[in-house]
Amino acid sequence: MHAMMNAHAYTRAADLLPLMTQRILVLDGAMGTMIQRYKLGEADFRAERFAGHPKDLKGNNDLLVLTRPDVITEIHEQYLAAGSDIIETNTFGATSIAQEDYAMPELAYEMNVAAARLAKAACERFSTPEKPRFAAGALGPTPRTASISPDVNDPGARNVDFEQLRAAYLEQARGLLDGGCDLFLVETIFDTLNAKAALFALDELMEETGERLPVIISGTVTDASGRVLSGQTVSAFWHSVRHAHPIAVGLNCALGASLMRPFLEELAQAAGDTPISCYPNAGLPNPMSDTGFDETPEITGRLVGEFAQRGLLNIAGGCCGTTPEHVAEIARQVGRYQPRPNALFSTLLAEAEAEA
């Protein structure tokens, strides 16, 4: 991966870095939680186009960008209205590898183009000179892991390899780029080898096209051990991906904010000048709640606000169980504090001004 470009070198979202020096940016919240609110049935996922598809499609949320784009657009707009600066494309599982579960691998590129167009169009409707909005092309981890055997009796077995992941991520990233996304978000990383395949594919695509977009990298700590599923501590995770020169690195999903804090602090210390992002779940799972998770918007907002108060954040949002109400409260809380200071942006912006 080449050295990080300065603020003028990005072909899209060139004003994102300067904005990150001014305030903590707000990411959106959960897509799946919001889709559940619509109580969609099998017919919504199939529409007319896939009426005769041989497998059940309910639950294939990525497909909704083709069959119910109105729902996905409405969700994007709710998060933008709540104050999100950055919204994610509905592409968490839109790789050919993940879509094999629904016998739809050939639709991966089309899904990503459509998802990016929906997110970008929503951003354009809400953007103002004072508050531009950005569409992040989301690349999820896939349901397979290159580092861990799927067979307890055969530790050396693998159901995916680096090359398969690279090819799948390259196809996904190409669709997101062609659809108009402003930056890439490699998220919910439970296996750093999977993430490396995604980062390799992104670099390959940007070398090929000449378009260099900002990249955010976000891992997920699976339990109180403070490690990702493939065994790395968050510090080791950072040192495994730092070559990608992301504009931010962070944690999301798995643990709620109250349990995530020590690991976020460890990452912030290890990452030095690199900005930090965080979008936790709304606490722990709770099937009795409306969202399926424990925390109300007020609780999540307060906890994320405490991260901001401690000087840990540059980007904040929500993951599973969070809603526009959670994001609005997060935005209100983090808006009271300055972003985590870092010399990196100051250097980049000074270089850009010198070149202007």
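Computation of the quantities below employed the complete heavy-atom set of this structure, encompassing side-chain atoms and omitting hydrogens, waters and symmetry-equivalent molecules.
- Hydrophobic clustering (side-chain heavy atoms under 4.5 Å, transitive across Ile, Leu, Val, Met, Phe, Trp, Tyr) keeps L205 apart from V113.
- Partner D182 forms a side chain to side chain donor-acceptor pair (under 3.5 Å) with one of K120, R133, R12 and no other, that one being K120.
- Counting heavy atoms from C-beta on, the side chains of L16 and L25 come closer than 4.5 Å.
- A122 and L80 get closest at one heavy-atom pair: O-CD1, 3.4 Å.
- E207 has its side chain within reach of R212: a pair of non-hydrogen atoms, C-beta onward, lies under 4.5 Å apart.
- Atom CG of L170 sits about 12.5 Å away from atom OG1 of T95, to the nearest 0.5 Å.
- Shown here for L312 and A268, the closest heavy-atom pair between the two residues is CD2-CB, 3.9 Å.
- Between the side chains of E295 and T300, at least one donor-acceptor pair of N or O atoms lies under 3.5 Å.
- Side chain of N252 to main chain of T220: no donor-acceptor pair is present (N/O by atom type, distance under 3.5 Å, no hydrogens or angles).
- K131 NZ: more than 12 foreign heavy atoms inside a 6.0 Å radius.
- The environment of CZ in R261 is sparse: at most 12 heavy-atom neighbours from other residues, nucleotides or ligands sit within 6.0 Å.
- At distances below 3.5 Å, not a single donor-acceptor pair connects side-chain atoms of D203 with backbone N or O atoms of F200.
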Tell me, with the steps shown, if W238 and V234 meet side chain to side chain contact (heavy atoms under 4.5 Å, CB included). CA-CA 6 Å; W238 163 243; V234 293; over 6 Å; no
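- With hydrogens and angles disregarded, a donor-acceptor distance shorter than 3.5 Å links the side chain of D28 to the backbone of E88.
- Taking hydrophobic clusters as Ile, Leu, Val, Met, Phe, Trp and Tyr residues chained together by side-chain heavy-atom distances below 4.5 Å, L255 does not share a cluster with L303.
- Under a 4.0 Å N-O distance rule, the pair E171/R174 does not qualify as a salt bridge.
- Remark: side-chain polar atoms of R340 are paired, donor with acceptor, to backbone N or O of T274 under 3.5 angstrom.
- Looking at heavy atoms from C-beta onward, I72 lies out of side-chain contact with R68 at the 4.5 angstrom threshold.
- A distance-only check finds a donor-acceptor pair linking the side chain of Q172 to the backbone of T91 [under 3.5 Å].
- Within the model, atoms SG of C181 and CZ of R117 stand 12.5 Å from one another, a figure rounded to the nearest 0.5 Å.
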May I have the step-by-step check of side chain to side chain contact (heavy atoms under 4.5 Å, CB included) for D56 and K58, ending in yes or no? CA-CA 6 Å; D56 290 343; K58 185 177 178 179; 5.8 Å; no
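- With a 6.0 Å radius and a threshold of 12 heavy atoms from other residues, nucleotides or ligands, Q338 has its CD atom at or below the threshold.
- Using a 4.5 Å cut-off on side-chain heavy atoms (C-beta onward), V26 and I86 make no contact.
- A donor-acceptor contact shorter than 3.5 Å links the side chain of T33 to the backbone of G321.
- Atom CD of E211 is surrounded by more than 12 heavy atoms from other residues, nucleotides or ligands within 6.0 Å.
- Residues N314 and P275 come closest through the heavy atom pair OD1-CA, 3.2 Å.
- Annotation: the span from I24 atom CD1 to L19 atom CG amounts to 12.0 Å, rounded to 0.5 Å.
- Cluster annotation: M260 is not connected to V228 through the hydrophobic network of ILVMFWY side chains, with a link wherever side-chain heavy atoms come within less than 4.5 Å.
- Linking Ile, Leu, Val, Met, Phe, Trp and Tyr residues whenever their side-chain heavy atoms come within less than 4.5 Å leaves L66 and F92 in two separate clusters.
- The shortest side-chain heavy-atom distance between T145 and V160 does not fall under the 4.5 Å cut-off.
- Remark: side-chain polar atoms of N90 are paired, donor with acceptor, to backbone N or O of N61 under 3.5 angstrom.
- A side-chain donor-acceptor contact under 3.5 Å links K196 to the backbone of S240.
- The side-chain heavy atoms of F50 and L63, taken from C-beta on, include a pair separated by under 4.5 Å.
- Formation of a donor-acceptor pair under 3.5 Å by the Y79 side chain with backbone atoms of A30 is found in this model.
- One finds a salt bridge joining E100 and R144 here, because a Lys/Arg side-chain nitrogen approaches an Asp/Glu carboxylate oxygen to under 4.0 Å.
- Here the side chains of L107 and Y102 are not in contact, with every heavy-atom distance at 4.5 Å or above.
- When all heavy atoms of L185 and Y279 are compared, the closest pair comes out as CD2-OH, 3.5 Å.
- In this structure, the side chains of V241 and I189 stay at 4.5 Å or more apart for every pair of heavy atoms.
- No more than 12 heavy atoms of other residues, nucleotides or ligands lie within 6.0 Å of CD in E48, so this atom counts as exposed by the packing criterion.
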Going through the checks in order, is the side chain to side chain contact (heavy atoms under 4.5 Å, CB included) test met by T89 and N112? CA-CA 8 Å; T89 55; N112 284 280; 5.7 Å; no
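- Note on L40 and M31: same hydrophobic cluster, where clusters join Ile, Leu, Val, Met, Phe, Trp and Tyr whose side-chain heavy atoms are under 4.5 Å apart, directly or indirectly.
- Atom CD1 in I216 sits 5.0 Å away from atom CG in L183 (nearest 0.5 Å).
- Taking a cutoff of 4.0 Å between a charged side-chain nitrogen and a carboxylate oxygen, R302 and E306 qualify as a salt bridge.
- Atom CZ of R23 sits about 4.0 Å away from atom CG of D85, to the nearest 0.5 Å.
- To the nearest 0.5 Å, atom OH of residue Y169 and atom CG of residue L202 are 9.5 Å apart.
- Across all non-hydrogen atoms, the minimal contact from Q99 to M111 is OE1-CE, 3.3 Å.
- Remark: D178 CG is packed, more than 12 non-hydrogen atoms of other residues, nucleotides or ligands lying under 6.0 Å away.
- The backbone N or O of A254 sits less than 3.5 Å from a side-chain atom of N281, completing a donor-acceptor pair.
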Walk me through it: do V221 and L259 pass the test side chain to side chain contact (heavy atoms under 4.5 Å, CB included)? CA-CA 10 Å; V221 173; L259 297 176; over 6 Å; no
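- Here the shortest heavy-atom pairing between I247 and P214 reads CD1-CB, 3.7 Å.
- Between T323 and H326, the side chains place a donor N or O and an acceptor N or O closer than 3.5 Å (distance only, hydrogens not considered).
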